[in-house]
Structure formats: C-alpha cells, structure tokens
Amino acid sequence: MEKKIIKRFKDFDPVHIFECGQCFRWVRQEDGSFTGVAGGKVLNVKKEGEDIIFSNTDEEEFQNFWRNYFDLDTDYGKIKEELRKNDSVMDEAVDFGQGIRILKQDPWEMLISFIISANNRIPMIMRGVKLLSEKYGEFICDFRGEKYYSFPAPEKFLSGEISDIRVSGIGFRDKYIYNTASKFVDEKIDLDLLRNKDFDDMKKGLMQFSGVGPKVSNCIALFSLDALDAFPVDTWVKKVMEYFYLHEDTDLKVIEDFSRKKFGKLSGYAQQYLFYYAREKKIGK
DNA sequence: CTGCAGGGGTAAA
DNA sequence: TTTACCCCTGCA
C-alpha cells in the first residue's frame, strides 16, 4: 500500500484528535504515530512537522473514505475563531487542543462503543472494543506485527450467550449490548434515518436502546450523525462548566441546555475542546 | 506484598 | 432520589 501525504495541513494533530475522547480504536505507537481501524480499513497517521502522513492507504481509498472520516473539508480555523470570540475560557481551551477534529464515525459502532463507555474508563473501553472486535469481527490484515479486526456487525453479538459478550472491559454492560443488537436485527434499524431528525427526536430515537441515556445519546449523535450542536456532559465537562461558567453544583440536564444555548451550532466542537482541556489539565481535581 | 477505596452513566428500585 | 453494576488503578 502507498502513502498519502498532505503538506502543511493546519488544524490537524493526531494526539488531539485521537485523545479527545471521541474514539476508542486508535492506539499510539512507539514512534508517536497512531494506528487504527475504521470502516473495515487499517490506517497509520503520523505528523511530521506540519505534514500529515497517512500510511497503509492509497489515493483512491483516501479520497473515498478517509477524507470524509477526518472531516478534511471543514474549516476548523473558522470554527475556532468563532468560539474564541468574547470567551477567554474557550480561547485557552482552543489553544490547548488546537489540532482537534471531530471524526465522522460509524453510527452502529458508536452506539455500542458509547454503551461500553458508560461508567467506564477510556483504557477499559478501548480494551473492551478491541476484544469484541477480535472475537466477533472480521480479520482485516497484519500491520507492523499486529493483527487488526473490523468492528462486528450486529448479528455477530447474538451468536452465543449474553455472558459470552462479557470480555474484559465490558462487565455488566453485556446485556445492554445483547439487547441493543437484538433490537437492531429484529427491527432492521437504520440509524442513518435519524440524521434528518431534529436534535430532540434524534436523542429520543437513540435513547430507545438499552444502555443509552442522555450522555451516551449525545455522543452518538455528535460523533456519527452529524449533530454538531450536541453537547455530551460527562464528569469532566460537568467539572469544567461548573468551574468556569456556572460556579455551583448544577444538574447535568441544566448544563447541557445552558451549553447548547451558549455555543449554539458549534456546541459539539466546544465540548471537544473543553473535554480535552479539562481532562488533560485535571480541572476541578 | 495485600487490601481496599475511588471512579464513572444508566437502569431500576 | 438513591443504589447497584464491573474491574482496573492508585495508594495506604
């Protein structure tokens, strides 16, 4: 496979993109690059100076898949400029995570991945998703000494007992995954149909699934259904919003509504900069 | 070394 | 509104 190199590309830092909490299948390598799986393909991403090097792909695949996946046609410079206006907190958060981009991920994979994320920590979530892919997914290829597997299709989770799903990192969420996969298969669910709905209907649609509540539905909407006005409030975002904006203990739903009103159609981007800032700087600890 | 508290969204009591 | 869920990490 060839490489694709984009020279002097702004607003793209693999560390920021892959460690801002939106994805679980990209692993940092010893040389500082990241290798990951998406859309049944394996890719390595490395930043060298201002150039981005995409390995294990070719021009056609890059244009047909990765270009959209990395949201390369969105102008993040403009988004950041807008967020910085009259907001010294966002000004700093945007500087800190200046290379973040919101990936366009697969809705089914996000649904299951964020069910796993509830009451769980990122290394555990990554382990769970990896083990489930090895157990139920399709082998893709060997790459630099590792074997890579696609994210499993819904029916694969139904091939055995509920407890079979309970690999390390999954725990009590096994039944949520089983129930969600069953509903998916039985009702021939097409999550892409939710794309055209307004935010409240989209959220309602997602919360039909077992293990999906307010926070998880916001994540699925933001990371896979183009709802860039979503604002998932997890423990870090709660802390950072209270610390900088609200100055008192505040209900999660109130924080979500306040933030979506404040940041408008850029809420999702704001959430990513704030999450990354809060987590790396341990705000409120 | 061993043991135990801490952490984290959702469902269900 | 409170509690249980699972399992790794960190610290005593």
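None of the values given here were measured: they were computed from a predicted structure.
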Under 3.5 Å, is there a donor on one side chain and an acceptor on the other for A:N44 and A:T35? yes
Checking A:K281 against A:V240 for the side-chain contact (heavy atoms from CB on, under 4.5 Å) test, could you report, in this order, the C-alpha distance in whole Å, the side-chain angles of both residues, the deciding distance, and whether it holds? CA-CA 10 Å; A:K281 295 230 165 192; A:V240 78; over 6 Å; no
By side-chain hydrogen bond (donor to acceptor under 3.5 Å, both in side chains), A:D186 pairs with (sequence neighbours left out) none
The first and last nucleotides of DNA chain C lying within contact of chain A, meaning any atom under 4.0 Å from one of its heavy atoms, run from C:dC5 to C:dC8
Suppose we screen for side chain to side chain contact (heavy atoms under 4.5 Å, CB included). Which residues come up paired with A:I162, at least two apart in sequence or across chains? A:D174, A:K175, A:Y178
Between the protein and nucleotides 11-13 of chain B, are there any N/O to N/O pairs under 3.5 Å, and if so, what are the atom names and distances?
| residue | atom | partner | partner atom | Å |
| --- | --- | --- | --- | --- |
| B:dA11 | OP1 | A:G211 | N | 2.8 |
| B:dA11 | OP1 | A:V212 | N | 3.4 |

Stems with DNA chain C, 3 or more Watson-Crick or G-U pairs in a row (under 3.5 Å), are B:2-13 with C:1-12
Mind checking whether A:Y176 and A:V216 have side chains closer than 4.5 Å, heavy atoms only? no
Is the closest side-chain heavy-atom distance between A:S133 and A:P152 below 4.5 Å? yes
Please report, rounded to the nearest Å, how far the C1' atom of B:dT10 is from the CG atom of A:D234. 14 Å
Round to a whole Å and report the spacing from CG of A:L111 to C1' of B:dT10. 14 Å
Consider only side-chain N and O atoms of A:Y136 and A:D164, and report whether a donor and an acceptor are under 3.5 Å apart. no
Give a yes or no on whether a salt bridge exists between A:K7 and A:E50, defined as a side-chain N under 4.0 angstrom from a carboxylate O. no
Round to a whole Å and report the spacing from CZ of A:F172 to C1' of B:dT10. 8 Å
Sorted by chain and number, sequence neighbours left out, side-chain hydrogen bond (donor to acceptor under 3.5 Å, both in side chains) with A:R28 holds for A:E19
Counting heavy atoms from C-beta on, name the nucleotide in B:dT10, B:dG8, B:dG6 closest to the side chain of A:W236. B:dG8
Assess the residue pair A:F12 and A:I6 against the criterion (side-chain contact (heavy atoms from CB on, under 4.5 Å)); give the C-alpha distance rounded to whole Å, side-chain angles, the decisive distance to 0.1 Å, and a yes or no. CA-CA 11 Å; A:F12 191 119; A:I6 302 187; over 6 Å; no
